[in-house]
Amino acid sequence: MSTTAIFVRKLVVLKMKRLVLTLTWMLWLSLCGRCMSQVQPRLPPGQQVPCFFIFGDSLVDNGNNNGILTLARANYRPYGIDFPGGATGRFTNGRTYVDALAQLLGFPTYIPPHSRARGLELLRGANYASGAAGIRDETGSNLGAHTSMNDQVANFGNTVQQLRRFFRGDNDSLSSYLSKCLFFSGMGSNDYLNNYFMPDFYSTSSDFTVKAFASALLQDYSRQLSQLYSLGARKVIVTAVGQIGCIPYQLARFHGNSTRCNEKINNAILLFNSGLKKMVQNFNGGQLPGAKFVFLDFYQSSSDLSSSGASFGFDVIDKGCCGVGKNNGQITCLPMQQPCENREKYLFWDAFHPTEVANILLAKASYSSQSYTYPINIQQLATQ
């Protein structure tokens, strides 16, 4: 049989499988009638929440940028070198933070990217994150296309419309279902890296003081998180921006006399993070009735991993496992580049992103302790 014939045969088989799945889904809906509005779906053994919805940037993107025109893509080797599915679009060597967290929450499989999630699969959540995305729409446009936070929220709104069909239009049952789900939002890094501190491409640093820019970001972010609330989100993890003045990308460019890191960037981020924590307090204090927000301090966690790297098992804290130039941070990991072999000893995978080991350490710490979470840990949030 010729190669073309084999390809056509495989394509036909694939289409038949999709048709069978679609017909099965339609039959299930017709037989089930109003069952979704009367009985909440049972959770698999050990799974603590029915669904997990994820919003963010490349720290948690798991493939949404694969099909768009952008430099912010990671669907090539050696990205995913330690991940069972290979180069899926995750910006690390293995699991992301939310992958590790989903496992701790008892999900039997990883949460799918929104770009691929279909039908009943949406009942257990979706990942809307997009590399280079920010709170502001223009953020990250220097790298090409992306899905901003505004667009991610809009995509979730479309998901809610799809879920409403599964609940036969019963809004109360759908709201009850979503109120038990977990939501994660990690935004802001690119608003500084790929916006405010890139004056050759953006005017924000001349339009805003550092304090005014943080205020503008927080105002936009408050509106976006409130929109998620209006769409049904009640249990929400919101992350601080990490210590990005100390990532290999910045270390390769910064030439300070007294400090290793770019403290100008770190100090700007601390202003944003301080305001974000106050926002969480306001949300929990009655501004969004019935909501439970958890502030996840990525800044403190990244600072601890960097300052006490050896105690966490890291030998290298200032350069990427894969990259080019000083600190392996001048150019990020290139296609088919040979990465370091002892990846578990590196804090950073490339110029921007942590290794799988670092992601797992943070997931475990934030899940079961309050080392980096406020006012409760994630396990407590899931079970409340």
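Just so you know, these numbers come straight off a predicted model, no measurement behind them. When a residue number appears, it is its place in the shown sequence, counting from 1.
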>> What I'd like to find out is whether the side chain of Glu138 reaches to under 4.5 Å of the side chain of Thr204, using heavy atoms alone.
In response: yes

>> Given the ring of Phe52, does Arg124 sit roughly above its face, with NZ or CZ under 6.0 Å from the centre of the six-membered ring and within 45° of the axis?
In response: no

> Less than 4.5 Å apart, any side-chain heavy atom of Ser148 and any of Asp137?
Replying inline: yes

> Okay, side chain of Asn75, backbone of Gly63: is any donor-acceptor separation there less than 3.5 Å?
Replying inline: no

> Counting distance only, does the side-chain N/O of Gln152 pair as donor-acceptor with the main-chain N or O of Thr147 below 3.5 Å?
Replying inline: yes

> With a 3.5 Å cut-off and no angle check, do the side chains of Ser115 and Asn64 form a donor-acceptor pair?
Replying inline: yes

> Which heavy-atom pair separates Val236 from Ala233 by the least distance, and what is that distance?
Replying inline: CG2-CB, 4.0 Å

>> Other residues, nucleotides and ligands only: do more than 12 of their heavy atoms fall within 6.0 Å of NZ on Lys326?
In response: yes

> Which one of Tyr177, Phe184, Phe156 satisfies the ring pair (Phe, Tyr, Trp, His ring centres under 6.0 Å) criterion with Phe53?
Replying inline: Phe156

>> Are there over 12 heavy-atom neighbours, none belonging to Glu341, within less than 6.0 Å of that residue's CD?
In response: no

> Sulfur to sulfur, is the gap between Cys322 and Cys340 shorter than 2.5 Å?
Replying inline: no

> How far apart are the C-alpha atoms of Met279 and Phe295, what are their side-chain angles, what is the distance that settles it, and do they pass the side-chain contact (heavy atoms from CB on, under 4.5 Å) test?
Replying inline: CA-CA 9 Å; Met279 184 195 300; Phe295 175 79; over 6 Å; no

> At their closest point, which heavy atom of Leu218 faces which heavy atom of Gly275, and how far apart are they?
Replying inline: CD1-CA, 3.6 Å

> Are side-chain heavy atoms of Tyr221 and Ser185 found at a separation under 4.5 Å?
Replying inline: yes

>> Side chains of Leu305 and Ile317, heavy atoms from C-beta outward: is any pair under 4.5 Å?
In response: no

> Do Gln243 and Ile269 come close enough that some side-chain heavy atom pair is under 4.5 Å?
Replying inline: no

>> Strictly distance-based, threshold 3.5 Å: is any side-chain N or O of Asp350 a donor or acceptor partner for the main-chain N or O of Cys333?
In response: no

>> Within this structure, what is the CG-CG distance for the pair Leu225 and Asp220, rounded to the nearest 0.5 Å?
In response: 11.0 Å

> Are Leu296 and Val241 connected in a single hydrophobic cluster, I mean Ile/Leu/Val/Met/Phe/Trp/Tyr linked by side-chain heavy atoms less than 4.5 Å apart?
Replying inline: no

> Between Phe55 and Tyr128, what is the ring plane arrangement, given parallel below 30°, perpendicular above 60°, and tilted in between?
Replying inline: parallel

>> Suppose we call two aromatic rings close when their centres sit under 6.0 Å apart. Are Phe213 and Tyr192 close by that rule?
In response: yes

> Nearest 0.5 Å, what's the CG-OG1 distance between Asn62 and Thr92?
Replying inline: 12.5 Å

> Thr139 and Asp191: side chain to side chain donor-acceptor pair (under 3.5 Å), yes or no, with the steps?
Replying inline: CA-CA 6 Å; Thr139 290; Asp191 292 292; 2.7 Å; yes

>> Show the nearest heavy-atom pair for residues Ala252 and Gly329, with the distance to one decimal.
In response: CB-C, 3.9 Å

>> As a quick check of understanding, evaluate side chain to side chain donor-acceptor pair (under 3.5 Å) for Asp207 and Ser203, giving each step before the final call.
In response: CA-CA 6 Å; Asp207 296 337; Ser203 64; 2.7 Å; yes

> Between Glu263 and Asn266, does any side-chain donor sit less than 3.5 Å from a side-chain acceptor?
Replying inline: yes

>> Please determine whether the number of non-hydrogen atoms from other residues, nucleotides or ligands lying under 6.0 Å from atom CD of Gln162 exceeds 12.
In response: yes

>> Test of understanding: with side-chain hydrogen bond (donor to acceptor under 3.5 Å, both in side chains), list the residues that count as partners of Gln224, not counting sequence neighbours.
In response: Asn150

> Just checking, is any N or O donor in the side chain of Lys364 or Ser368 under 3.5 Å from an acceptor N or O on the other one?
Replying inline: no

> In terms of hydrophobic clustering (I, L, V, M, F, W, Y; side-chain heavy atoms under 4.5 Å; direct or indirect links), are Leu59 and Met149 co-clustered?
Replying inline: no

> Near Lys319 NZ, under 6.0 Å, is it more than 12 heavy atoms from other residues, nucleotides or ligands?
Replying inline: no

> Given Tyr110 and Phe107, is the ring-ring contact (aromatic ring centres under 6.0 Å, His included) satisfied, shown in steps?
Replying inline: CA-CA 7 Å; Tyr110 299 113; Phe107 283 89; over 10 Å; no

> Relative to each other, are the rings of Phe91 and His353 parallel, tilted or perpendicular (30° and 60° limits)?
Replying inline: tilted

> Below 4.5 Å, heavy atoms only, C-beta onward: do His146 and Asn190 meet side chain to side chain?
Replying inline: no

> Would a 4.5 Å heavy-atom cut-off, applied to side chains only, mark Ile378 and Ile237 as touching?
Replying inline: yes

> Can you name the nearest heavy-atom pair linking Leu122 to Ala117, along with the distance?
Replying inline: CD2-CB, 3.6 Å

>> The criterion is salt bridge (Lys or Arg N to Asp or Glu O under 4.0 Å); which residues satisfy it with Asp82, sequence neighbours excluded?
In response: Arg343

> Between the side chain of Lys180 and the main-chain N/O of Ser176, is any donor-acceptor distance below 3.5 Å?
Replying inline: yes

>> Taking the basic N atoms (NZ, or NE/NH1/NH2) and the acidic carboxylate oxygens, is any pair closer than 4.0 Å for Arg90 and Asp99?
In response: yes

>> Evaluate Leu231 against Phe183 for side-chain contact (heavy atoms from CB on, under 4.5 Å), listing each step before the verdict.
In response: CA-CA 12 Å; Leu231 290 166; Phe183 291 74; over 6 Å; no

> If every non-hydrogen atom of Leu193 is compared with every non-hydrogen atom of Met198, which pair is closest and at what distance?
Replying inline: O-CE, 3.7 Å

> Would Asn171 and Arg164 satisfy side-chain contact (heavy atoms from CB on, under 4.5 Å), going step by step from the backbone distance to the final call?
Replying inline: CA-CA 7 Å; Asn171 291 329; Arg164 188 168 284 118; 2.6 Å; yes

> Should the pair Phe314 and Phe312 be assigned to parallel (<30°), tilted (30 to 60°) or perpendicular (>60°) ring geometry?
Replying inline: tilted

>> Measuring only between side-chain heavy atoms, which start at C-beta, is Ser230 closer than 4.5 Å to Ser226?
In response: no

>> Between Asn142 and Tyr202, does the side chain to side chain donor-acceptor pair (under 3.5 Å) criterion hold? Intermediate values first, please.
In response: CA-CA 9 Å; Asn142 54 296; Tyr202 300 95; 2.6 Å; yes

> Same hydrophobic cluster for Ile244 and Leu276, using side-chain heavy-atom links shorter than 4.5 Å among ILVMFWY?
Replying inline: yes

>> side-chain contact (heavy atoms from CB on, under 4.5 Å), that's the test. Do Leu163 and Leu178 meet it? Break it down for me.
In response: CA-CA 10 Å; Leu163 293 177; Leu178 290 174; 4.1 Å; yes

> Ser130 and Asn65: side chain to side chain donor-acceptor pair (under 3.5 Å), yes or no, with the steps?
Replying inline: CA-CA 6 Å; Ser130 172; Asn65 276 18; 2.6 Å; yes

> Is the side chain of Arg73 donor-acceptor paired with the backbone N or O of Gly89 at a distance under 3.5 Å, no angle test?
Replying inline: no

> Can you tell me if Arg253 uses its side chain to pair, donor with acceptor, with the backbone of Tyr249 under 3.5 Å?
Replying inline: yes

>> For Pro354 versus Asn359, what's the shortest heavy-atom pair and its separation?
In response: CG-OD1, 3.3 Å

>> Under 4.5 Å between side-chain heavy atoms, counting indirect links through other Ile/Leu/Val/Met/Phe/Trp/Tyr residues: same cluster for Leu105 and Ile376 or not?
In response: yes

>> For Arg116, is the CZ atom crowded, meaning more than 12 foreign heavy atoms sit under 6.0 Å from it?
In response: no

>> For the residue pair Asp304 / Tyr372, report whether a side-chain donor-acceptor contact shorter than 3.5 Å exists.
In response: yes

> Does Tyr299 share a hydrophobic cluster with Leu217, counting links as ILVMFWY side-chain heavy atoms below 4.5 Å and allowing steps through other members?
Replying inline: yes

